[in-house]
Amino acid sequence: MECVFGMVGDGFALVAADTSAVHSILVHKSNEDKVMILDSHKLLGASGEAGDRVQFTEYIQKNVHVYEFRNGIPLTTAATANFTRCELALALRKNPYFVNILLAGYDKNIGPSLYYIDYIATLHKVDKGAFGYGSYFSLSMMDRHYKSGMSLEEAIDLVDKCIIEIRSRLVVAPPNFVIKIVDKDGAREYAWRESIKDAAGVSAA
Amino acid sequence: MARYDRAITVFSPDGHLFQVEYALEAVRKGNAAVGVRGTDTIVLGVEKKSTPKLQDSRSVRKIVSLDTHIALACAGLKADARVLINRARIECQSHRLTVEDPVTVEYITRYIAGLQQKYTQSGGVRPFGLSTLIVGFDPYTGVPALYQTDPSGTFSAWKANATGRNSNSMREFLEKNYKETSGQETVKLAIRALLEVVESGGKNIEIAVMTKEHGLRQLEEAEIDAIVAEIEAEKAAAEAAKKAPSRDT
């Protein structure tokens, strides 16, 4: 039921993820941020087992930070992707993490990039990618409408199209999404797409 | 006496750990380092012994960041420093990972001092031959702090301190001239203390300034030269006002 998808545009990369924290039939909260800002120019969108997701992504984030302090410069996106994949691969045959990851980053001389890393340590550099049941709909929408070098407005439009498909066609569709982008100015939250707001007391849906 | 200085874990009859004291000697031979705590600024300065012409001076950083809000300068064996700094950097991130909070200056000082102490008690290893000056801002209260550790593993907080070569002269100067300062005044005080023992000039001094908003900033040689010139001018003006023969510094 968790949906994470992302794409690369002209000078930026974006990652969108649903924001529901679900336990069997109960929705704990609808504003859980699953796209971590790894460092100044990297985003890590993760889906999967909730405990593993937080544990693994925080572990990657702190190791990326130690690298930057030790060496005075940040890791490249490609290096981070390979490091992440390695950690998943090392744990795979012992105590695997059930986390799927989309890593988006911007490097000064390379530009934006997106990496697809699944829970069994598959690594692919991609222009667009998605995880979860939502991927059936978002990948199809992106296959139809994606072109390389899209502007931010066109990309957000495509993201909204994907969200509409997920909401209308997925049986237990998550109500809210967060969109984050990374470009030469850094990684930041772009917008939320909410159809249900968490409120104290009775919610008016 | 000679029988009691081989192994680190052995006390001498008069209660000395000679290896630790010899490590302190190594510190005294290291480059001068000074730290001054202001109300909103903390300054670290180290002496740069003459750089060999062919060496890339950017690869010899003597003031380092441990985290976004903590910095360290040291005097003594630089290779030992690398090991301690590496462990401290990992501990800073490990602390953030386990308790979701940045370290306080006291915590990381206690950690580094603890590491240094461990190596005064285990068999077969020698102590780290360096003293550190650790500065930073408390992540929540924003209070600035300056701590010093030494090879024995003791640590304490200071308003201003110096270590390494001629540290006694620098500390004496600081004791005479310390007052609560902020901003550029704190930088000037640190440079004045260093100039007591170092041949003047931006080429021989490395200064880093830490503020709450901007973290650690290494000053450019030109900036240091400008401040040194200001200090010299102030000194000359003070002497002219006294109308006394100039003191040797």
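Sequence lines set the chain letters: A, B, ... in the order given, protein chains first and strands last, and positions in each chain run from 1. The structure presented is a predicted model; accordingly, all values stated were derived computationally and were not measured.
- The two residues A:V66 and B:R89 have their closest heavy-atom pair at CG2-O, 4.0 Å.
- Taking CZ from B:R96 and CD from A:Q61, the interatomic distance works out to 9.0 Å, rounded to the nearest 0.5 Å.
- Within a 6.0 Å sphere centred on CD of A:Q55, other residues, nucleotides and ligands contribute 12 heavy atoms or fewer.
- In the displayed structure, B:K159 atom NZ is contacted under 6.0 Å by at most 12 heavy atoms of other residues, nucleotides or ligands.
- Shown here is B:R61, whose CZ atom has more than 12 heavy atoms of other residues, nucleotides or ligands within 6.0 Å.
- With values rounded to the nearest 0.5 angstrom, B:H95 atom NE2 is found 11.5 Å from A:K62 atom NZ.
- Enclosure of atom CD in B:E100 is not indicated, since only 12 or fewer non-hydrogen atoms of other residues, nucleotides or ligands lie within 6.0 angstrom.
- Within 6.0 Å of atom OH in A:Y133, 12 or fewer heavy atoms from other residues, nucleotides or ligands are found, so the atom counts as exposed in its surroundings.
- Counting non-hydrogen atoms of other residues, nucleotides and ligands closer than 6.0 Å to NZ of B:K49 gives a total above 12.
- Of the two parts of B:S94, neither the backbone nor the side chain holds a non-hydrogen atom closer than 4.5 Å to a non-hydrogen atom of chain A.
- With contacts defined as side-chain heavy-atom distances shorter than 4.5 Å, the pair A:F69/B:T68 qualifies.
- The shortest side-chain heavy-atom distance between B:I90 and A:R70 falls under the 4.5 Å cut-off.
- Taking CD of A:E58 as the start and OG1 of B:T98 as the end, the distance is 10.0 Å to the nearest 0.5 Å.
- Proximity to chain A (any heavy atom under 4.5 Å) is restricted, for B:L66, to the backbone atoms N, CA, C and O.
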